[in-house]
There are 2 protein chains.
Amino acid sequence: MTLSYDSENLREALAVQVLGGGRIEAQVHEGWDVFGIPHGGYLAALAGAAVLESSGKPDLFSITVHYLRKAKLGPLQFSVESVGGSRRFTTVTATARQQDEVVLSVMASLGDRTAFEGTTWRARPRWDPRVASLTSPSGSNDGPGFAGPAMAHRTGLRLDTTTLSFAAGDRGEAAEIRATMENDDGHPLAALIACDATPPAVWNALGAGGWVPTVELTAHLRARPVPGPLTIVANTAHVSGGFLEEDAVVHDVEGRLVAQSRQLARWSSAS
Amino acid sequence: MTLSYDSENLREALAVQVLGGGRIEAQVHEGWDVFGIPHGGYLAALAGAAVLESSGKPDLFSITVHYLRKAKLGPLQFSVESVGGSRRFTTVTATARQQDEVVLSVMASLGDRTAFEGTTWRARPRWDPRVASLTSPSGSNDGPGFAGPAMAHRTGLRLDTTTLSFAAGDRGEAAEIRATMENDDGHPLAALIACDATPPAVWNALGAGGWVPTVELTAHLRARPVPGPLTIVANTAHVSGGFLEEDAVVHDVEGRLVAQSRQLARWSSAS
(Lines give C-alpha, C1' and ligand atoms only; values in the text may rest on other atoms or scores of the structure.)
Protein backbone atom coordinates (compact mmCIF):
# COMPACT_ATOMS: atom_id res chain seq x y z
CA MET A 1 0.00 0.00 0.00
CA THR A 2 1.41 3.34 -1.08
CA LEU A 3 0.88 5.98 1.52
CA SER A 4 1.19 9.13 -0.45
CA TYR A 5 -1.40 11.81 -1.12
CA ASP A 6 -3.91 10.99 -3.85
CA SER A 7 -7.10 13.03 -4.29
CA GLU A 8 -9.05 9.99 -5.46
CA ASN A 9 -8.03 8.06 -2.36
CA LEU A 10 -9.25 10.94 -0.19
CA ARG A 11 -12.65 10.91 -1.97
CA GLU A 12 -12.93 7.14 -1.57
CA ALA A 13 -11.89 7.23 2.08
CA LEU A 14 -14.68 9.73 2.79
CA ALA A 15 -17.40 8.04 0.73
CA VAL A 16 -20.54 7.09 2.64
CA GLN A 17 -23.60 5.09 1.67
CA VAL A 18 -27.18 6.03 2.61
CA LEU A 19 -29.09 3.00 3.90
CA GLY A 20 -32.32 4.89 4.68
CA GLY A 21 -34.04 5.75 7.96
CA GLY A 22 -31.18 8.04 9.00
CA ARG A 23 -28.69 5.19 8.71
CA ILE A 24 -25.45 5.84 6.86
CA GLU A 25 -22.65 3.36 6.35
CA ALA A 26 -19.04 4.52 6.24
CA GLN A 27 -15.76 2.59 6.13
CA VAL A 28 -12.71 3.35 8.25
CA HIS A 29 -10.07 2.92 5.55
CA GLU A 30 -6.59 1.55 5.92
CA GLY A 31 -3.79 4.08 6.06
CA TRP A 32 -5.81 6.84 7.69
CA ASP A 33 -4.29 6.15 11.08
CA VAL A 34 -1.76 7.38 13.59
CA PHE A 35 0.40 4.40 14.48
CA GLY A 36 -2.52 1.98 14.18
CA ILE A 37 -5.29 4.16 15.66
CA PRO A 38 -7.73 5.67 13.13
CA HIS A 39 -7.13 9.40 12.94
CA GLY A 40 -9.46 11.75 14.84
CA GLY A 41 -9.68 14.33 12.06
CA TYR A 42 -10.44 11.61 9.53
CA LEU A 43 -13.21 10.24 11.76
CA ALA A 44 -14.60 13.79 12.15
CA ALA A 45 -14.59 14.12 8.35
CA LEU A 46 -16.47 10.79 8.05
CA ALA A 47 -19.00 12.14 10.55
CA GLY A 48 -19.25 15.31 8.46
CA ALA A 49 -19.84 13.24 5.31
CA ALA A 50 -22.55 11.23 7.10
CA VAL A 51 -24.52 14.24 8.38
CA LEU A 52 -24.23 16.11 5.06
CA GLU A 53 -25.41 13.08 3.13
CA SER A 54 -28.25 12.36 5.54
CA SER A 55 -29.53 15.95 5.75
CA GLY A 56 -29.19 16.80 2.08
CA LYS A 57 -27.78 20.23 3.03
CA PRO A 58 -24.82 21.58 1.06
CA ASP A 59 -22.77 22.98 3.95
CA LEU A 60 -21.61 22.13 7.41
CA PHE A 61 -21.35 25.17 9.70
CA SER A 62 -20.19 23.43 12.86
CA ILE A 63 -19.54 19.89 13.98
CA THR A 64 -18.80 18.54 17.44
CA VAL A 65 -17.42 15.04 17.84
CA HIS A 66 -16.94 13.15 21.12
CA TYR A 67 -14.50 10.24 20.85
CA LEU A 68 -15.91 7.55 23.13
CA ARG A 69 -13.88 4.53 22.01
CA LYS A 70 -10.97 3.82 19.72
CA ALA A 71 -12.27 3.13 16.24
CA LYS A 72 -11.13 0.10 14.25
CA LEU A 73 -10.68 -0.47 10.53
CA GLY A 74 -13.85 -1.49 8.70
CA PRO A 75 -17.53 -0.55 8.71
CA LEU A 76 -18.76 2.35 10.82
CA GLN A 77 -22.54 2.72 11.12
CA PHE A 78 -23.91 6.22 11.56
CA SER A 79 -27.39 6.82 12.85
CA VAL A 80 -28.45 10.43 12.23
CA GLU A 81 -31.39 12.22 13.84
CA SER A 82 -32.75 15.65 13.05
CA VAL A 83 -33.17 17.76 16.18
CA GLY A 84 -34.67 20.95 14.80
CA GLY A 85 -33.70 24.35 13.57
CA SER A 86 -34.80 27.47 11.85
CA ARG A 87 -35.08 28.64 8.26
CA ARG A 88 -31.31 28.75 7.78
CA PHE A 89 -29.87 26.35 10.37
CA THR A 90 -30.54 22.66 10.90
CA THR A 91 -29.12 20.75 13.86
CA VAL A 92 -28.66 17.00 13.77
CA THR A 93 -27.16 14.54 16.23
CA ALA A 94 -25.56 11.27 15.24
CA THR A 95 -23.84 8.28 16.73
CA ALA A 96 -21.30 6.08 14.97
CA ARG A 97 -21.16 2.45 16.02
CA GLN A 98 -18.83 -0.47 15.47
CA GLN A 99 -19.98 -3.90 16.68
CA ASP A 100 -22.92 -2.19 18.39
CA GLU A 101 -20.68 -0.01 20.55
CA VAL A 102 -20.81 3.77 20.25
CA VAL A 103 -17.48 5.04 18.95
CA LEU A 104 -18.44 8.66 18.17
CA SER A 105 -21.18 11.01 19.33
CA VAL A 106 -21.80 13.89 16.94
CA MET A 107 -23.75 17.14 16.83
CA ALA A 108 -23.71 19.33 13.73
CA SER A 109 -25.24 22.50 12.35
CA LEU A 110 -25.91 22.52 8.61
CA GLY A 111 -27.42 24.74 5.94
CA ASP A 112 -26.61 26.62 2.76
CA ARG A 113 -23.61 28.90 3.02
CA THR A 114 -24.69 31.01 0.04
CA ALA A 115 -27.49 32.44 2.22
CA PHE A 116 -24.86 34.32 4.25
CA GLU A 117 -22.38 37.04 3.53
CA GLY A 118 -20.48 39.75 5.34
CA THR A 119 -17.29 41.61 6.10
CA THR A 120 -13.92 39.90 6.19
CA TRP A 121 -11.61 40.94 9.04
CA ARG A 122 -8.75 39.22 10.83
CA ALA A 123 -6.95 40.18 14.02
CA ARG A 124 -3.50 39.36 12.61
CA PRO A 125 -1.95 38.36 9.29
CA ARG A 126 -2.33 34.70 8.44
CA TRP A 127 0.74 32.49 8.21
CA ASP A 128 2.05 32.38 4.64
CA PRO A 129 3.65 29.01 3.85
CA ARG A 130 5.40 30.48 0.80
CA VAL A 131 7.94 32.14 3.08
CA ALA A 132 8.47 28.99 5.17
CA SER A 133 10.81 26.05 4.84
CA LEU A 134 8.67 22.92 4.80
CA THR A 135 9.61 19.30 5.38
CA SER A 136 7.75 16.05 4.68
CA PRO A 137 7.49 13.17 7.16
CA SER A 138 10.39 11.41 5.50
CA GLY A 139 12.54 14.44 6.20
CA SER A 140 13.16 15.11 2.53
CA ASN A 141 13.83 18.84 2.52
CA ASP A 142 16.34 21.08 4.20
CA GLY A 143 14.89 21.00 7.70
CA PRO A 144 15.14 18.27 10.31
CA GLY A 145 12.90 15.31 9.48
CA PHE A 146 10.07 13.86 11.49
CA ALA A 147 8.80 10.31 11.48
CA GLY A 148 5.20 10.90 10.52
CA PRO A 149 2.40 8.38 10.93
CA ALA A 150 0.53 6.89 7.93
CA MET A 151 -1.88 9.78 8.16
CA ALA A 152 0.82 12.39 7.56
CA HIS A 153 1.84 10.64 4.33
CA ARG A 154 -1.78 10.19 3.23
CA THR A 155 -2.54 13.90 3.52
CA GLY A 156 0.75 15.10 2.05
CA LEU A 157 1.49 16.86 5.34
CA ARG A 158 4.52 19.14 5.35
CA LEU A 159 5.71 20.87 8.52
CA ASP A 160 7.29 24.29 8.93
CA THR A 161 10.82 23.36 9.99
CA THR A 162 10.89 26.20 12.53
CA THR A 163 8.08 24.45 14.45
CA LEU A 164 9.74 21.06 14.64
CA SER A 165 11.72 21.29 17.87
CA PHE A 166 9.84 18.29 19.33
CA ALA A 167 11.46 16.09 16.68
CA ALA A 168 14.92 17.03 17.98
CA GLY A 169 13.87 16.27 21.55
CA ASP A 170 13.78 19.95 22.47
CA ARG A 171 11.11 21.68 24.50
CA GLY A 172 10.36 25.12 25.86
CA GLU A 173 9.34 26.53 22.50
CA ALA A 174 5.94 28.00 21.71
CA ALA A 175 3.28 25.27 21.61
CA GLU A 176 2.65 25.86 17.93
CA ILE A 177 3.01 23.73 14.81
CA ARG A 178 2.48 25.06 11.28
CA ALA A 179 1.91 22.80 8.30
CA THR A 180 0.43 22.42 4.87
CA MET A 181 -1.70 19.56 3.55
CA GLU A 182 -2.72 18.67 -0.01
CA ASN A 183 -6.27 19.19 -1.25
CA ASP A 184 -6.13 19.07 -5.06
CA ASP A 185 -9.91 18.80 -5.47
CA GLY A 186 -10.87 21.40 -2.88
CA HIS A 187 -12.67 18.66 -0.94
CA PRO A 188 -14.66 20.53 1.75
CA LEU A 189 -14.13 17.79 4.35
CA ALA A 190 -10.34 17.85 3.93
CA ALA A 191 -10.48 20.93 6.15
CA LEU A 192 -11.83 18.75 8.97
CA ILE A 193 -8.95 16.32 8.59
CA ALA A 194 -6.59 19.31 8.64
CA CYS A 195 -7.97 20.40 12.03
CA ASP A 196 -6.26 17.42 13.64
CA ALA A 197 -3.47 16.70 11.15
CA THR A 198 -0.34 18.02 12.85
CA PRO A 199 1.57 16.36 15.67
CA PRO A 200 0.35 17.72 19.03
CA ALA A 201 1.44 21.37 19.29
CA VAL A 202 2.08 20.91 23.01
CA TRP A 203 5.07 18.70 22.19
CA ASN A 204 7.10 21.79 21.22
CA ALA A 205 6.54 23.28 24.67
CA LEU A 206 6.51 20.29 27.00
CA GLY A 207 8.26 17.53 25.07
CA ALA A 208 6.99 14.71 22.86
CA GLY A 209 5.37 12.86 25.74
CA GLY A 210 3.32 10.32 23.91
CA TRP A 211 -0.38 10.16 23.21
CA VAL A 212 -2.70 13.17 23.42
CA PRO A 213 -6.14 11.55 23.07
CA THR A 214 -8.98 13.81 21.96
CA VAL A 215 -12.04 13.87 24.18
CA GLU A 216 -14.03 16.40 22.16
CA LEU A 217 -13.39 18.28 18.92
CA THR A 218 -15.52 21.12 17.57
CA ALA A 219 -14.81 22.61 14.18
CA HIS A 220 -16.43 25.58 12.49
CA LEU A 221 -16.41 25.34 8.72
CA ARG A 222 -16.18 28.90 7.47
CA ALA A 223 -15.87 28.65 3.67
CA ARG A 224 -15.69 26.08 0.86
CA PRO A 225 -11.99 25.59 0.05
CA VAL A 226 -10.66 26.13 -3.46
CA PRO A 227 -8.45 23.35 -4.91
CA GLY A 228 -4.88 23.48 -3.60
CA PRO A 229 -2.92 23.03 -0.40
CA LEU A 230 -4.46 23.94 2.94
CA THR A 231 -2.37 25.75 5.54
CA ILE A 232 -2.71 24.76 9.19
CA VAL A 233 -1.63 26.58 12.33
CA ALA A 234 -2.17 24.51 15.48
CA ASN A 235 -1.48 25.70 18.98
CA THR A 236 -2.09 25.08 22.65
CA ALA A 237 -2.29 27.82 25.27
CA HIS A 238 -3.48 26.09 28.45
CA VAL A 239 -2.39 22.79 29.97
CA SER A 240 -3.95 22.00 33.37
CA GLY A 241 -5.57 19.32 35.50
CA GLY A 242 -4.82 16.49 33.05
CA PHE A 243 -6.26 18.27 30.00
CA LEU A 244 -5.27 20.72 27.32
CA GLU A 245 -6.93 22.48 24.43
CA GLU A 246 -5.54 22.45 20.91
CA ASP A 247 -6.77 25.03 18.42
CA ALA A 248 -6.29 24.84 14.68
CA VAL A 249 -6.88 27.47 12.02
CA VAL A 250 -7.06 26.25 8.41
CA HIS A 251 -6.86 28.47 5.32
CA ASP A 252 -7.10 27.53 1.66
CA VAL A 253 -4.49 28.39 -0.92
CA GLU A 254 -6.20 31.71 -1.66
CA GLY A 255 -5.89 32.71 1.99
CA ARG A 256 -9.55 32.22 2.85
CA LEU A 257 -10.36 30.90 6.34
CA VAL A 258 -11.97 27.50 5.76
CA ALA A 259 -12.00 25.93 9.21
CA GLN A 260 -11.29 26.72 12.81
CA SER A 261 -11.28 24.04 15.46
CA ARG A 262 -10.70 23.46 19.13
CA GLN A 263 -10.26 20.14 20.81
CA LEU A 264 -10.20 19.09 24.44
CA ALA A 265 -7.54 16.42 24.88
CA ARG A 266 -5.99 14.56 27.77
CA TRP A 267 -2.44 15.37 28.84
CA SER A 268 -1.23 13.70 31.96
CA SER A 269 2.49 14.36 32.05
CA ALA A 270 5.31 16.28 30.45
CA SER A 271 7.60 13.28 30.97
CA MET B 1 -36.88 43.92 40.72
CA THR B 2 -33.34 44.68 41.82
CA LEU B 3 -30.82 43.67 39.22
CA SER B 4 -27.66 43.43 41.22
CA TYR B 5 -25.49 40.41 41.89
CA ASP B 6 -26.73 38.08 44.61
CA SER B 7 -25.28 34.58 45.05
CA GLU B 8 -28.62 33.20 46.22
CA ASN B 9 -30.34 34.55 43.12
CA LEU B 10 -27.70 32.84 40.97
CA ARG B 11 -28.34 29.51 42.71
CA GLU B 12 -32.09 29.89 42.32
CA ALA B 13 -31.82 30.91 38.66
CA LEU B 14 -29.83 27.71 37.97
CA ALA B 15 -32.00 25.34 40.02
CA VAL B 16 -33.46 22.41 38.10
CA GLN B 17 -35.97 19.74 39.07
CA VAL B 18 -35.67 16.06 38.13
CA LEU B 19 -38.97 14.70 36.82
CA GLY B 20 -37.68 11.18 36.03
CA GLY B 21 -37.10 9.37 32.75
CA GLY B 22 -34.37 11.78 31.74
CA ARG B 23 -36.74 14.73 32.00
CA ILE B 24 -35.52 17.79 33.88
CA GLU B 25 -37.48 20.99 34.38
CA ALA B 26 -35.71 24.34 34.51
CA GLN B 27 -37.04 27.90 34.61
CA VAL B 28 -35.75 30.76 32.50
CA HIS B 29 -35.73 33.44 35.21
CA GLU B 30 -36.48 37.12 34.83
CA GLY B 31 -33.50 39.44 34.70
CA TRP B 32 -31.12 36.96 33.06
CA ASP B 33 -31.53 38.58 29.68
CA VAL B 34 -29.87 40.85 27.18
CA PHE B 35 -32.43 43.51 26.28
CA GLY B 36 -35.32 41.06 26.56
CA ILE B 37 -33.65 37.95 25.10
CA PRO B 38 -32.60 35.27 27.63
CA HIS B 39 -28.80 35.23 27.83
CA GLY B 40 -26.89 32.51 25.94
CA GLY B 41 -24.39 31.84 28.72
CA TYR B 42 -27.21 31.58 31.25
CA LEU B 43 -29.03 29.08 29.00
CA ALA B 44 -25.79 27.09 28.63
CA ALA B 45 -25.47 27.05 32.42
CA LEU B 46 -29.07 25.78 32.71
CA ALA B 47 -28.18 23.04 30.21
CA GLY B 48 -25.11 22.24 32.31
CA ALA B 49 -27.26 22.02 35.45
CA ALA B 50 -29.70 19.71 33.65
CA VAL B 51 -27.09 17.25 32.38
CA LEU B 52 -25.19 17.21 35.69
CA GLU B 53 -28.40 16.57 37.63
CA SER B 54 -29.58 13.91 35.21
CA SER B 55 -26.27 12.03 34.99
CA GLY B 56 -25.37 12.20 38.67
CA LYS B 57 -21.76 12.99 37.72
CA PRO B 58 -19.92 15.66 39.70
CA ASP B 59 -18.17 17.44 36.81
CA LEU B 60 -18.80 18.73 33.35
CA PHE B 61 -15.74 18.46 31.06
CA SER B 62 -17.26 19.92 27.91
CA ILE B 63 -20.63 21.17 26.80
CA THR B 64 -21.83 22.14 23.32
CA VAL B 65 -25.04 24.11 22.92
CA HIS B 66 -26.81 24.91 19.64
CA TYR B 67 -29.25 27.81 19.91
CA LEU B 68 -32.15 26.90 17.64
CA ARG B 69 -34.76 29.44 18.75
CA LYS B 70 -34.97 32.42 21.05
CA ALA B 71 -35.87 31.25 24.53
CA LYS B 72 -38.67 32.90 26.51
CA LEU B 73 -39.17 33.43 30.22
CA GLY B 74 -40.73 30.50 32.03
CA PRO B 75 -40.44 26.71 32.02
CA LEU B 76 -37.80 25.00 29.93
CA GLN B 77 -38.08 21.21 29.61
CA PHE B 78 -34.87 19.24 29.17
CA SER B 79 -34.88 15.72 27.90
CA VAL B 80 -31.50 14.05 28.51
CA GLU B 81 -30.24 10.84 26.89
CA SER B 82 -27.11 8.90 27.70
CA VAL B 83 -25.10 8.12 24.55
CA GLY B 84 -22.23 6.09 25.96
CA GLY B 85 -18.72 6.45 27.19
CA SER B 86 -15.82 4.82 28.93
CA ARG B 87 -14.75 4.36 32.51
CA ARG B 88 -13.97 8.04 32.99
CA PHE B 89 -16.08 9.88 30.40
CA THR B 90 -19.83 9.87 29.86
CA THR B 91 -21.45 11.58 26.89
CA VAL B 92 -25.06 12.71 26.98
CA THR B 93 -27.22 14.60 24.53
CA ALA B 94 -30.17 16.75 25.51
CA THR B 95 -32.82 18.95 24.02
CA ALA B 96 -34.53 21.85 25.78
CA ARG B 97 -38.10 22.62 24.72
CA GLN B 98 -40.58 25.42 25.28
CA GLN B 99 -44.15 24.89 24.04
CA ASP B 100 -42.96 21.70 22.32
CA GLU B 101 -40.41 23.52 20.18
CA VAL B 102 -36.72 22.73 20.49
CA VAL B 103 -34.89 25.79 21.81
CA LEU B 104 -31.50 24.22 22.58
CA SER B 105 -29.66 21.11 21.43
CA VAL B 106 -26.92 19.99 23.82
CA MET B 107 -24.06 17.49 23.93
CA ALA B 108 -21.91 17.16 27.04
CA SER B 109 -19.05 15.10 28.42
CA LEU B 110 -19.17 14.43 32.15
CA GLY B 111 -17.25 12.56 34.82
CA ASP B 112 -15.27 13.04 37.99
CA ARG B 113 -12.49 15.59 37.75
CA THR B 114 -10.61 14.16 40.73
CA ALA B 115 -9.69 11.14 38.54
CA PHE B 116 -7.36 13.41 36.51
CA GLU B 117 -4.26 15.40 37.24
CA GLY B 118 -1.25 16.80 35.44
CA THR B 119 1.13 19.62 34.70
CA THR B 120 0.03 23.25 34.61
CA TRP B 121 1.46 25.34 31.78
CA ARG B 122 0.26 28.44 29.97
CA ALA B 123 1.53 30.05 26.79
CA ARG B 124 1.32 33.59 28.18
CA PRO B 125 0.61 35.28 31.52
CA ARG B 126 -3.06 35.54 32.36
CA TRP B 127 -4.70 38.95 32.61
CA ASP B 128 -4.58 40.24 36.17
CA PRO B 129 -7.64 42.39 36.94
CA ARG B 130 -5.89 43.86 40.00
CA VAL B 131 -3.81 46.08 37.73
CA ALA B 132 -6.82 47.15 35.64
CA SER B 133 -9.32 49.97 35.97
CA LEU B 134 -12.77 48.41 36.01
CA THR B 135 -16.16 49.96 35.43
CA SER B 136 -19.68 48.69 36.12
CA PRO B 137 -22.57 48.93 33.65
CA SER B 138 -23.82 52.06 35.33
CA GLY B 139 -20.47 53.69 34.66
CA SER B 140 -19.72 54.14 38.34
CA ASN B 141 -15.92 54.16 38.34
CA ASP B 142 -13.27 56.25 36.70
CA GLY B 143 -13.63 54.89 33.17
CA PRO B 144 -16.23 55.66 30.54
CA GLY B 145 -19.54 53.98 31.32
CA PHE B 146 -21.45 51.40 29.28
CA ALA B 147 -25.17 50.77 29.33
CA GLY B 148 -25.22 47.11 30.30
CA PRO B 149 -28.16 44.78 29.84
CA ALA B 150 -29.97 43.19 32.82
CA MET B 151 -27.55 40.31 32.61
CA ALA B 152 -24.50 42.50 33.23
CA HIS B 153 -26.05 43.81 36.45
CA ARG B 154 -27.12 40.33 37.55
CA THR B 155 -23.61 38.94 37.27
CA GLY B 156 -21.84 41.97 38.73
CA LEU B 157 -19.97 42.38 35.46
CA ARG B 158 -17.19 44.99 35.46
CA LEU B 159 -15.29 45.86 32.27
CA ASP B 160 -11.64 46.82 31.89
CA THR B 161 -11.95 50.47 30.82
CA THR B 162 -9.14 50.04 28.28
CA THR B 163 -11.35 47.57 26.36
CA LEU B 164 -14.41 49.81 26.16
CA SER B 165 -13.82 51.71 22.95
CA PHE B 166 -17.08 50.40 21.45
CA ALA B 167 -18.98 52.37 24.13
CA ALA B 168 -17.46 55.61 22.84
CA GLY B 169 -18.41 54.73 19.26
CA ASP B 170 -14.78 54.00 18.36
CA ARG B 171 -13.55 51.07 16.30
CA GLY B 172 -10.28 49.74 14.95
CA GLU B 173 -9.07 48.47 18.31
CA ALA B 174 -8.21 44.86 19.11
CA ALA B 175 -11.37 42.72 19.19
CA GLU B 176 -10.90 41.98 22.88
CA ILE B 177 -12.93 42.72 26.01
CA ARG B 178 -11.73 41.96 29.52
CA ALA B 179 -14.04 41.79 32.50
CA THR B 180 -14.69 40.38 35.94
CA MET B 181 -17.88 38.78 37.24
CA GLU B 182 -18.94 37.93 40.78
CA ASN B 183 -19.06 34.34 42.03
CA ASP B 184 -19.15 34.50 45.84
CA ASP B 185 -20.08 30.83 46.24
CA GLY B 186 -17.68 29.43 43.67
CA HIS B 187 -20.69 28.13 41.71
CA PRO B 188 -19.18 25.85 39.02
CA LEU B 189 -21.78 26.86 36.42
CA ALA B 190 -21.06 30.59 36.85
CA ALA B 191 -18.04 29.91 34.63
CA LEU B 192 -20.42 28.96 31.80
CA ILE B 193 -22.32 32.22 32.19
CA ALA B 194 -18.97 34.01 32.15
CA CYS B 195 -18.12 32.48 28.76
CA ASP B 196 -20.77 34.68 27.15
CA ALA B 197 -20.98 37.55 29.65
CA THR B 198 -19.14 40.40 27.94
CA PRO B 199 -20.43 42.57 25.13
CA PRO B 200 -19.31 41.14 21.75
CA ALA B 201 -15.52 41.59 21.51
CA VAL B 202 -15.86 42.30 17.78
CA TRP B 203 -17.52 45.63 18.62
CA ASN B 204 -14.13 47.08 19.59
CA ALA B 205 -12.75 46.26 16.13
CA LEU B 206 -15.72 46.77 13.80
CA GLY B 207 -18.12 48.98 15.74
CA ALA B 208 -21.11 48.22 17.95
CA GLY B 209 -23.21 46.95 15.08
CA GLY B 210 -26.08 45.35 16.89
CA TRP B 211 -26.89 41.75 17.57
CA VAL B 212 -24.30 38.92 17.35
CA PRO B 213 -26.51 35.84 17.71
CA THR B 214 -24.78 32.64 18.82
CA VAL B 215 -25.24 29.61 16.58
CA GLU B 216 -23.11 27.22 18.62
CA LEU B 217 -21.15 27.52 21.86
CA THR B 218 -18.72 24.92 23.21
CA ALA B 219 -17.13 25.35 26.60
CA HIS B 220 -14.49 23.24 28.29
CA LEU B 221 -14.74 23.30 32.05
CA ARG B 222 -11.18 22.91 33.32
CA ALA B 223 -11.40 23.24 37.12
CA ARG B 224 -13.89 23.87 39.91
CA PRO B 225 -13.72 27.59 40.73
CA VAL B 226 -12.98 28.80 44.25
CA PRO B 227 -15.33 31.46 45.68
CA GLY B 228 -14.58 34.96 44.41
CA PRO B 229 -14.67 36.98 41.21
CA LEU B 230 -14.04 35.30 37.86
CA THR B 231 -11.89 37.04 35.26
CA ILE B 232 -12.92 36.89 31.62
CA VAL B 233 -10.93 37.64 28.47
CA ALA B 234 -13.07 37.47 25.32
CA ASN B 235 -11.77 37.96 21.82
CA THR B 236 -12.47 37.46 18.15
CA ALA B 237 -9.80 36.81 15.53
CA HIS B 238 -11.72 35.94 12.33
CA VAL B 239 -14.78 37.58 10.81
CA SER B 240 -15.83 36.20 7.41
CA GLY B 241 -18.74 35.06 5.29
CA GLY B 242 -21.39 36.26 7.72
CA PHE B 243 -19.90 34.55 10.77
CA LEU B 244 -17.31 35.10 13.47
CA GLU B 245 -15.88 33.15 16.37
CA GLU B 246 -15.67 34.53 19.88
CA ASP B 247 -13.35 32.86 22.37
CA ALA B 248 -13.46 33.37 26.12
CA VAL B 249 -10.98 32.32 28.78
CA VAL B 250 -12.21 32.35 32.37
CA HIS B 251 -10.00 32.15 35.47
CA ASP B 252 -10.98 32.07 39.13
CA VAL B 253 -9.68 34.51 41.73
CA GLU B 254 -6.70 32.24 42.47
CA GLY B 255 -5.65 32.37 38.82
CA ARG B 256 -6.78 28.85 37.94
CA LEU B 257 -8.20 28.28 34.45
CA VAL B 258 -11.83 27.29 35.03
CA ALA B 259 -13.37 27.54 31.57
CA GLN B 260 -12.48 28.10 27.97
CA SER B 261 -15.10 28.58 25.33
CA ARG B 262 -15.57 29.27 21.66
CA GLN B 263 -18.78 30.27 19.97
CA LEU B 264 -19.80 30.52 16.34
CA ALA B 265 -21.96 33.60 15.90
CA ARG B 266 -23.52 35.45 13.00
CA TRP B 267 -22.10 38.81 11.95
CA SER B 268 -23.52 40.28 8.82
CA SER B 269 -22.20 43.81 8.71
CA ALA B 270 -19.99 46.35 10.39
CA SER B 271 -22.77 48.89 9.67
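Just so we're on the same page: letters track the sequence lines, and every chain starts at 1. Everything quoted here is computed from the prediction, not taken from an experiment.
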statement: Between A:Gly36 and A:Pro38 the two heavy atoms that sit nearest each other are O-CD, 3.6 Å

- request: Check whether B:Thr95 gets within reach of chain A through its side chain, its backbone, both or neither, counting any heavy atom under 4.5 Å.
  value: side chain

field: Engaged part of A:His66 at the chain B interface, taking heavy atoms whose separation is under 4.5 Å
entry: both

statement: Nearest heavy-atom contact between A:Gln77 and A:Pro75 is NE2-CB, 4.0 Å

- prompt: So what's closer than 4.5 Å to chain A heavy atoms on B:Thr114: side chain, backbone, both or neither?
  reply: neither

- prompt: So which part of B:Val249 gets closer than 4.5 Å to some heavy atom of chain A, the side chain, the backbone, both or neither?
  reply: side chain

- request: Under 4.5 Å heavy-atom distance to chain B, tell me which part of A:Ala174 shows up: side chain, backbone, both or neither.
  value: neither

- prompt: Checking heavy atoms, do the side chain of B:Val102, its backbone, both or neither come under 4.5 Å from chain A?
  reply: side chain

query: Is chain A contacted by the side chain of B:Tyr67, its backbone, both, or neither, given a heavy-atom distance below 4.5 Å?
result: neither

message: Taking every non-hydrogen pair under 4.5 Å, which of A:Val202, A:Thr218, A:Thr90 racks up the most with chain B?
response: A:Thr218

query: What part of B:Ala108 is in contact with chain A, defined as an atom under 4.5 angstrom from a non-hydrogen atom: side chain, backbone, both or neither?
result: backbone

Largest heavy-atom contact set with chain B, pairs under 4.5 Å, which of A:Arg122, A:Arg262, A:His238, A:Glu216: A:Arg262

- line: Checked B:Arg69, B:Arg113, B:Glu245, B:Glu176 vs chain A; the most non-hydrogen pairs under 4.5 Å come from B:Glu245

query: Which bit of B:Ala175 is near chain A, if near means a heavy-atom gap under 4.5 Å: side chain, backbone, both or neither?
result: both

query: Checking heavy atoms, do the side chain of B:Asn235, its backbone, both or neither come under 4.5 Å from chain A?
result: neither

- prompt: Just wondering, do A:Val226 and A:Val253 contact through their side chains at under 4.5 Å, heavy atoms?
  reply: yes

field: Residue part contacting chain A, namely of B:Gln263, when any heavy atom lies under 4.5 Å
entry: backbone

- prompt: If you take all heavy atoms of B:Ser55 and B:Leu110, which pair is closest and at what distance?
  reply: OG-CD2, 3.6 Å

Straight-line distance of A:Thr64 OG1 to A:His220 NE2, nearest 0.5 Å: 7.0 Å

query: Side chain, backbone, both or neither: which part of B:Arg97 has a non-hydrogen atom closer than 4.5 Å to chain A?
result: neither

statement: So CG of B:Leu52 and CG of B:Leu189: to nearest 0.5 Å the spacing works out to 6.0 Å

- prompt: What pairs with B:Thr162 under side-chain contact (heavy atoms from CB on, under 4.5 Å), at least two apart in sequence or on another chain?
  reply: B:Asp160, B:Arg178

- line: Applying a strict 4.5 Å limit to non-hydrogen atoms, the region of B:Arg266 in contact with chain A is side chain

field: Contact summary for A:Ile177 and A:Pro200, nearest pair of heavy atoms
entry: CD1-O, 3.7 Å

task: Evaluate the criterion side chain to side chain contact (heavy atoms under 4.5 Å, CB included) for residue pair B:Thr119 and A:Trp267; output intermediate values, then yes/no.
output: CA-CA 8 Å; B:Thr119 316; A:Trp267 177 262; 4.3 Å; yes

task: Grab the two heavy atoms, one from B:Ala26 and one from B:Phe78, that are nearest each other, plus how far apart they are.
output: CB-CE1, 3.9 Å

query: Which answer fits B:Phe89, side chain, backbone, both or neither, if we ask what part of it has an atom under 4.5 Å from a heavy atom of chain A?
result: side chain

query: Between A:Val83, A:Thr120, A:Leu264, which shows the greatest number of heavy-atom pairs under 4.5 Å with chain B?
result: A:Leu264

message: Would B:Lys72 and B:Gln99 count as a side chain to side chain contact (heavy atoms under 4.5 Å, CB included) here? Give the steps.
response: CA-CA 10 Å; B:Lys72 302 181 191 89; B:Gln99 283 93 47; 3.6 Å; yes

query: Does any heavy atom of chain A fall under 4.5 Å from the side chain of B:Ala223, the backbone, both, or neither of them?
result: neither

query: Checking B:Val106 against chain A: side chain, backbone, both or neither under 4.5 Å from a heavy atom?
result: backbone

B:Thr91 versus A:Ser105, closest heavy-atom pair with distance: CG2-OG, 3.6 Å

message: Less than 6.0 angstrom from the centroid, inside 45 degrees of the normal: does A:Arg171 satisfy that with respect to the ring of A:Phe166?
response: no

message: Please rank A:Gly84, A:Gly85, A:Ser86 by heavy-atom pairs under 4.5 Å with chain B and give me the top one.
response: A:Gly85

Under 4.5 Å from a heavy atom of chain B, the part of A:Arg87 involved: neither

